[in-house]
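Have a look at the structure below before the remarks.
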Amino acid sequence: LDVLDTLNVGLLVRGMVKHQNCQEICIACIKLLANATYGSIERIQNVCDNEGIAAIENLMQVYRSDAETLAKILVLLANIAHGGDDLRKQISYRCADELVLILRDHNENYSLSLQAVRTIGILVYCEHNIGRFIDEHATINIVGAARQHLLDTELVSLALDVIANLSSEN
């Protein structure tokens, strides 16, 4: 991944925007960016500097009915959310509604529900974002996803942790 310098990260983000209706290209870009951003604050910042959060939000809308593609998008979004509270605020501002809609519309899909709850959990580490997710009705939709997968301890446990964080708003 050494080839993913600032210029190439920007090309991948622009590729997702320009070819938003070509699922194969978008998935390739998402996978490369997800791998590149994992644990790399510099690459996370490069994605954001190249309007990556807006591009991700757009893909969440374009592929709204495709659970498999959405799950990949959320892996990238979660990686970027690890870039700190400022990025968590930006992501929540743009994508909180989309994340909650994903839970509402796809709660029967285990892997997507798990990734959506995980991403929301990362975003509400920043207390500033709690109100936004409450306003978007995240709690009821997290409960809905957990109900769909009651026998899965990983999802139920994560859902409980995220709901606990959401309930800690002052």
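Numbers here are sequence positions counted from 1.
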Look up atom SG in Cys26 and atom CG in Leu12, then write down how far apart they are to the nearest 0.5 Å. 11.0 Å

If you group Ile, Leu, Val, Met, Phe, Trp and Tyr by side-chain heavy-atom gaps below 4.5 Å, do Val13 and Ile27 land in one group? no

For Val156 and Leu150 the tightest heavy-atom approach is CG2-O, 3.8 Å

Euclidean distance, Gln20 CD relative to Gln61 CD, rounded to 0.5 Å: 9.5 Å

Please name all residues satisfying salt bridge (charged side-chain N to carboxylate O under 4.0 Å, His left out) with Asp105, sequence neighbours left out, ordered by chain then number. Arg64

What heavy-atom pair brings Asn46 and Asn50 nearest, and what distance separates the two atoms? O-ND2, 2.8 Å

With sequence neighbours left out, write down each residue that passes side-chain contact (heavy atoms from CB on, under 4.5 Å) with Ile25, or none if nothing qualifies. His19, Cys22, Cys29

One pair to check against side chain to side chain contact (heavy atoms under 4.5 Å, CB included): Ile80 and Ile56. What are the steps and the verdict? CA-CA 10 Å; Ile80 293 170; Ile56 292 166; 3.4 Å; yes

Side chain to side chain contact (heavy atoms under 4.5 Å, CB included) between Leu74 and Leu99, intermediate numbers included: CA-CA 9 Å; Leu74 294 189; Leu99 283 162; 3.5 Å; yes

Straight-line distance of Asp161 CG to Ser157 OG, nearest 0.5 Å: 5.0 Å

Provide the full list of salt bridge (Lys or Arg N to Asp or Glu O under 4.0 Å) pairs with a residue in residues 18-38, sequence neighbours left out, each pair given once. none

Which heavy-atom pair separates Leu155 from Ala145 by the least distance, and what is that distance? CD2-O, 3.9 Å

Side-chain (Ser168) to main-chain (Asn165) donor-acceptor, under 3.5 angstrom: yes

Same cluster or not: are Val47 and Ile53 linked, directly or through other Ile, Leu, Val, Met, Phe, Trp or Tyr residues, by side-chain heavy atoms under 4.5 angstrom apart? yes

Which ring pair (Phe, Tyr, Trp, His ring centres under 6.0 Å) pairs, counting each pair once, include a residue from residues 53-101, with sequence neighbours left out? none

Straight-line distance of Asp97 CG to Ser92 OG, nearest 0.5 Å: 10.5 Å

Considering residues at least two apart in sequence or located in another chain, which fulfil the salt bridge (charged side-chain N to carboxylate O under 4.0 Å, His left out) criterion with Asp152? none

State the CZ-CD1 distance between Arg132 and Ile134, to the nearest 0.5 angstrom. 12.5 Å

Is it possible for you to say whether Leu32 and Ile30 belong to one hydrophobic cluster, with membership spreading through side-chain heavy-atom contacts below 4.5 Å? yes

Kindly indicate whether the side chain of Leu166, heavy atoms from C-beta on, has any atom under 4.5 Å from the side chain of Ile142. yes

Residues Gly83 and Ile41: closest non-hydrogen pair is CA-CD1, 4.0 Å

So Leu77 and Met60, side chain to side chain contact (heavy atoms under 4.5 Å, CB included) or not? Walk me through it. CA-CA 10 Å; Leu77 194 63; Met60 291 169 76; 4.1 Å; yes

Roughly how far apart are Gln45 CD and Asp86 CG, rounded to 0.5 Å? 9.0 Å

Does anything in residues 143-165 pair up under ring pair (Phe, Tyr, Trp, His ring centres under 6.0 Å), and if so which pairs, sequence neighbours excluded? Tyr110-His149

Listed partners of Arg104 passing salt bridge (charged side-chain N to carboxylate O under 4.0 Å, His left out), at least two apart: none

Indicate yes or no for a side-chain donor-acceptor contact from Arg88 to the backbone of Leu123 under 3.5 Å, with no hydrogens or angles considered. no

What pairs of residues pass the ring pair (Phe, Tyr, Trp, His ring centres under 6.0 Å) test when at least one of them lies in residues 26-46, not counting sequence neighbours? none

Are any of the side-chain heavy atoms of Val17 and Glu51 separated by less than 4.5 Å? no

Side chains of residues 111-122: which donor-acceptor partners sit under 3.5 Å, not counting sequence neighbours?
from: Ser111; atom 1: OG; to: Asn109; atom 2: OD1; distance (Å): 3.2
from: Ser113; atom 1: OG; to: His106; atom 2: O; distance (Å): 3.4
from: Ser113; atom 1: OG; to: Asn107; atom 2: O; distance (Å): 3.3
from: Ser113; atom 1: OG; to: Asn109; atom 2: O; distance (Å): 3.0
from: Gln115; atom 1: OE1; to: Arg118; atom 2: NH1; distance (Å): 3.2
from: Arg118; atom 1: NH2; to: Glu154; atom 2: OE2; distance (Å): 3.2
from: Thr119; atom 1: OG1; to: Gln115; atom 2: O; distance (Å): 2.8

For Glu98, check salt bridge (charged side-chain N to carboxylate O under 4.0 Å, His left out) against everything at least two apart and list the hits. none

Mind checking side-chain contact (heavy atoms from CB on, under 4.5 Å) for Val143 and listing every partner two or more places apart, or none if nothing turns up? Arg147, Ile163

Locate the shortest heavy-atom distance separating Cys48 from Leu87; write the atom from each residue and the value. SG-CD2, 3.4 Å

Heavy-atom count around Ile140 CD1 within 6.0 Å, excluding the residue itself: above 12? no

Kindly give the heavy-atom pair with the smallest separation between Val100 and Glu136, and that separation in Å. CG1-O, 3.1 Å

Output every pair passing ring pair (Phe, Tyr, Trp, His ring centres under 6.0 Å) with a member in residues 121-146, not counting sequence neighbours, ordered by first then second residue. none

